[in-house]
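Chain A is the first sequence line, chain B the second, and so forth, proteins listed ahead of strands; every chain is numbered from 1. Quick caveat, the model's predicted, so the values are computed rather than measured.
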Amino acid sequence: MHACTVMTTSLRNIIARHNPVALIDSSLCNSNCNASVALARVRQIHAHLLVQGLLYDSLLFHRFIASVALLSANDNGISSTSSHHHHLLLLLYSHRLLDHSPHPPNAFVLNSLIRAHSKVPDLENAFRFYRRLLRSLSPDRFTFTFLVSACARGSTSTTAGAAVHAAALRRGFASNPHVHSALIRMYVEFGLPNAARLIYAEVQNPDIVSRTAMLGALAAAGEIDLARELFDCMPSRDPIAWNAMIAGYSQLGRSKEALELFSSMQSEGLRVSEATLVSVLSACAHMGALDQGKWVHAYMKRNMLHVTVMLGTALVEMYSKCGDVERAMDVFWRMQEKNVYTWSSAMSGLVINGAGNECLGLFGLMKDHGVPPNGVTFVSVLRGCSVAGLVEEGRRHFDSMRDQYGIEPWHEHYGCMVDLYGRAGRLDDAVDFINSMPIEPHAGAWGALLNACKIHRSIELGEYAMKKMVEIESTNDGAYVLLSNIYAESRMWGGVNDVRESMKAKGVKKEPGCSVIEVDGEIHEFFVGDKSHPRYREIEVMLQVMSKRLRLAGYTAKTKESGCSNAAINSWAPQLKS
DNA sequence: TTAGGGTTAG
């Protein structure tokens, strides 16, 4: 090890004597090392530059500062707490270099520092360097690109972003293509897609990047059909534009169109990137398209694509949502690197497939691996306890959220606790829990109680929960259906009628249920009462056969909301083919 | 010497 170090060091010295810039580049910028190794190299190079007297060269010094700052913006393995710590140390190092620099900073250095802080994001420091720049220099197109992206990533209020936008306008940089697209992105991030539209309209002939950013804005606003028009009119489309469109469909639940677009993308022979596959897998997960999902997985293997954390997580998600929890866990265990998303997806996959104890077991392992859980993880933990009927353990986990992990429980967690008590038949505890909540109970908490009342046939409490729920969310069709079912199960037909009347009076409509399956890559949708499928007659006959077989096997249908899962329907799908 | 758009979990 020693000999090796000595050799590389002397080699570097030789290079450095001739070209110190090459040393900085090759050791820092072009290397793929983690933050802690990078920090050690920074110290080495700093010492070297100092000893050689090279820091008197202002260009070189500035380049060194910029490299150190930008090194911290590389997100190589930033997943762990310790690497995050080293990234911060790199940033601090760049601050100190600037503070002790004998040369007045130029725009390049300050821009680089703003950029580095835009990635953390650390708005306070980004603006500190911006103000420093304003003192003696003029901000340029780079400054605004970085500052806008800092605001997009790190702003909780829109004020700072709007101020930067105003400054960019005043200085004539708002129509620079880079600043322009960053501004669109920023307003989308602020939840102001209409502001993004105004900015988009201000430029005569936007380039592909601004068009793609606008595509994202329209999808964010739910205007997916307008987005499609924009997409179709684009003079050229690169893989990122395709991804934006596919992701838009996927996020809005228009999975069928997402998959259709994916196949058009393929027929145009375009390169398929990780982002595309993640969106496609997410669309498959959403609609339970196991065959398509398997095809994507096979595609990845065929093309020897590396299963990154994101792709692996998307695969786990897809398999478990399609009901194939064995394959989901197989992918999970094979993954080299797992983050909190991966663990949470696997846990939720187990719990939605009824494996509460396994979900809790995985939670234990996750903690053993030193991955800190977050709020989403705890939703699965609490649901796991609910499924497994572990009331006290659930309570302990709930309390540990705040006490051990500093996570303030969300409405969802309170809802899970009500569900936990309610399912276990402890309706009084559920009510006490709601009454002792430090935040105003949301409709979901009362909904969980209502559901528990349905399971345990508690009519009076159910009526009360319903009343509370309607007070908060008067148009929640699910609540009416649940209460109606409570009455129906107790053969209180008058109550059923009352519910129907009050739904009519309040204008509440039951959304038609929809089921989607995929056979041989073709997507079939069925709405309640919908007879438009070309093979409707055959399907109806098959359903009768299936119900008969199920009854013979001892299955009795419960109530309407306990429908067949997509996975169960998919297992019958082959019979539809013939 | 520094840039912008798409991508995961309840």
Side-chain angles (χ1 to χ4, degrees), chain A residues 21 24-25 29 59-60 62-67 69-70 73 106-116 118 140-149 152 173 176-186 188 196 200 206-217 219-220 231 234 237-248 250-251 273-282 285 308-318 320-321 338-349 351-352 373-384 410-413 415-416 444:
Chain A
V21 170
I24 295 173
D25 279 355
C29 307
L59 278 182
L60 196 68
H62 286 156
R63 186 162 184 149
F64 183 54
I65 299 176
S67 299
L70 289 178
N106 59 11
F108 164 62
V109 169
L110 293 171
N111 285 344
S112 303
L113 282 162
I114 294 173
R115 182 186 174 210
S118 80
D140 56 19
R141 56 195 197 283
F142 295 100
T143 317
F144 285 108
T145 307
F146 301 145
L147 213 52
V148 168
S149 107
F173 292 112
N176 171 277
H178 295 265
V179 180
H180 185 241
S181 51
L183 280 169
I184 296 174
R185 171 95 195 96
M186 181 186 83
V188 173
Y200 182 75
D207 68 4
I208 189 167
V209 178
S210 284
R211 283 173 201 265
T212 309
M214 191 57 223
L215 209 68
F231 178 78
M234 279 168 80
R237 297 178 207 102
D238 63 5
I240 295 186
W242 282 85
N243 290 350
M245 199 61 231
I246 292 174
S250 174
Q251 280 158 13
S273 71
E274 177 183 6
T276 312
L277 293 177
V278 168
S279 287
V280 168
L281 283 171
S282 155
T308 57
V309 185
M310 252 196 194
L311 266 178
T313 306
L315 279 171
V316 170
E317 180 73 13
M318 182 277 293
S320 56
K321 286 242 176 88
K338 304 179 180 77
N339 62 17
V340 62
Y341 285 79
T342 322
W343 287 93
S344 301
S345 296
M347 285 170 59
S348 114
V351 82
I352 59 175
N374 62 20
V376 176
T377 320
F378 272 103
V379 172
S380 289
V381 171
L382 298 178
R383 289 183 64 194
W410 311 333
H411 281 297
E412 286 88 339
H413 299 111
C416 286

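Residue A/H178 places its side chain closer to B/dG4 than to any other of B/dT1, B/dT2, B/dG4. Closest contact between the side chain of A/S112 and the listed nucleotides B/dG10, B/dG5, B/dT2 involves B/dT2. In this structure, of B/dT1, B/dA9, B/dG4, it is B/dG4 that holds the atom nearest to the side chain of A/P177. Counting only heavy atoms from C-beta on, A/I240 has its side chain closest to B/dG5 among B/dT2, B/dG5, B/dG10. Out of B/dG5, B/dA9, B/dT2, the shortest distance to the side chain of A/S344 is found at B/dA9. Relative to the side chain of A/Q251, the nucleotides B/dG4, B/dT8, B/dG5 differ in distance, and B/dT8 lies closest.
For A/T212 against B/dG5, a side-chain N or O and a base N or O form a donor-acceptor pair under 3.5 Å. Under 3.5 Å, the side chain of A/D207 and the base of B/dG4 form at least one donor-acceptor pair of N or O atoms. The base of B/dG5 sits with one of its N or O atoms less than 3.5 Å from a complementary donor or acceptor on the side chain of A/D238. The base of B/dA9 sits with one of its N or O atoms less than 3.5 Å from a complementary donor or acceptor on the side chain of A/N374.
Counting any heavy atom pair closer than 4.0 Å across all strands shown, A/A314 reaches no nucleic acid atom. Nucleic acid contact class of A/S345 (heavy atoms, under 4.0 Å, all strands): sugar-phosphate only. Using a 4.0 Å heavy-atom distance criterion, A/S273 is classed as a base contact. Counting any heavy atom pair closer than 4.0 Å across all strands shown, A/W410 reaches a base atom. Backbone-only contact: A/E317 has heavy atoms under 4.0 Å from sugar-phosphate atoms and none from a base.
Contacts of A/R185 classified as salt bridge (charged side-chain N to carboxylate O under 4.0 Å, His left out), with partners at least two apart in sequence or in another chain: A/E189.
Rounded to an integer number of Å, the gap from A/L311 CG to B/dA9 C1' is 15 Å. Taking atom CZ of A/R141 as the reference point, atom P of B/dT1 lies 13 Å away to the nearest angstrom.
For B/dG10, one of the phosphate oxygens OP1 or OP2 lies less than 4.0 angstrom from a side-chain nitrogen or oxygen of A/K321. An OP1 or OP2 oxygen of B/dA3 is reached within less than 4.0 angstrom by a side-chain nitrogen or oxygen of A/R115.
Checking A/T276 against A/S279 by side-chain atom types alone, no donor-acceptor pair falls below 3.5 Å.
A heavy-atom distance below 4.5 Å is found between the side chains of A/V376 and A/W410. A/D140 is listed as a side-chain neighbour of A/T143, based on a closest heavy-atom distance under 4.5 Å.
Cation-pi geometry between A/R115 and A/F142 is not met: the NZ or CZ atom fails to fall both under 6.0 Å from the ring centre and inside 45° of the normal.
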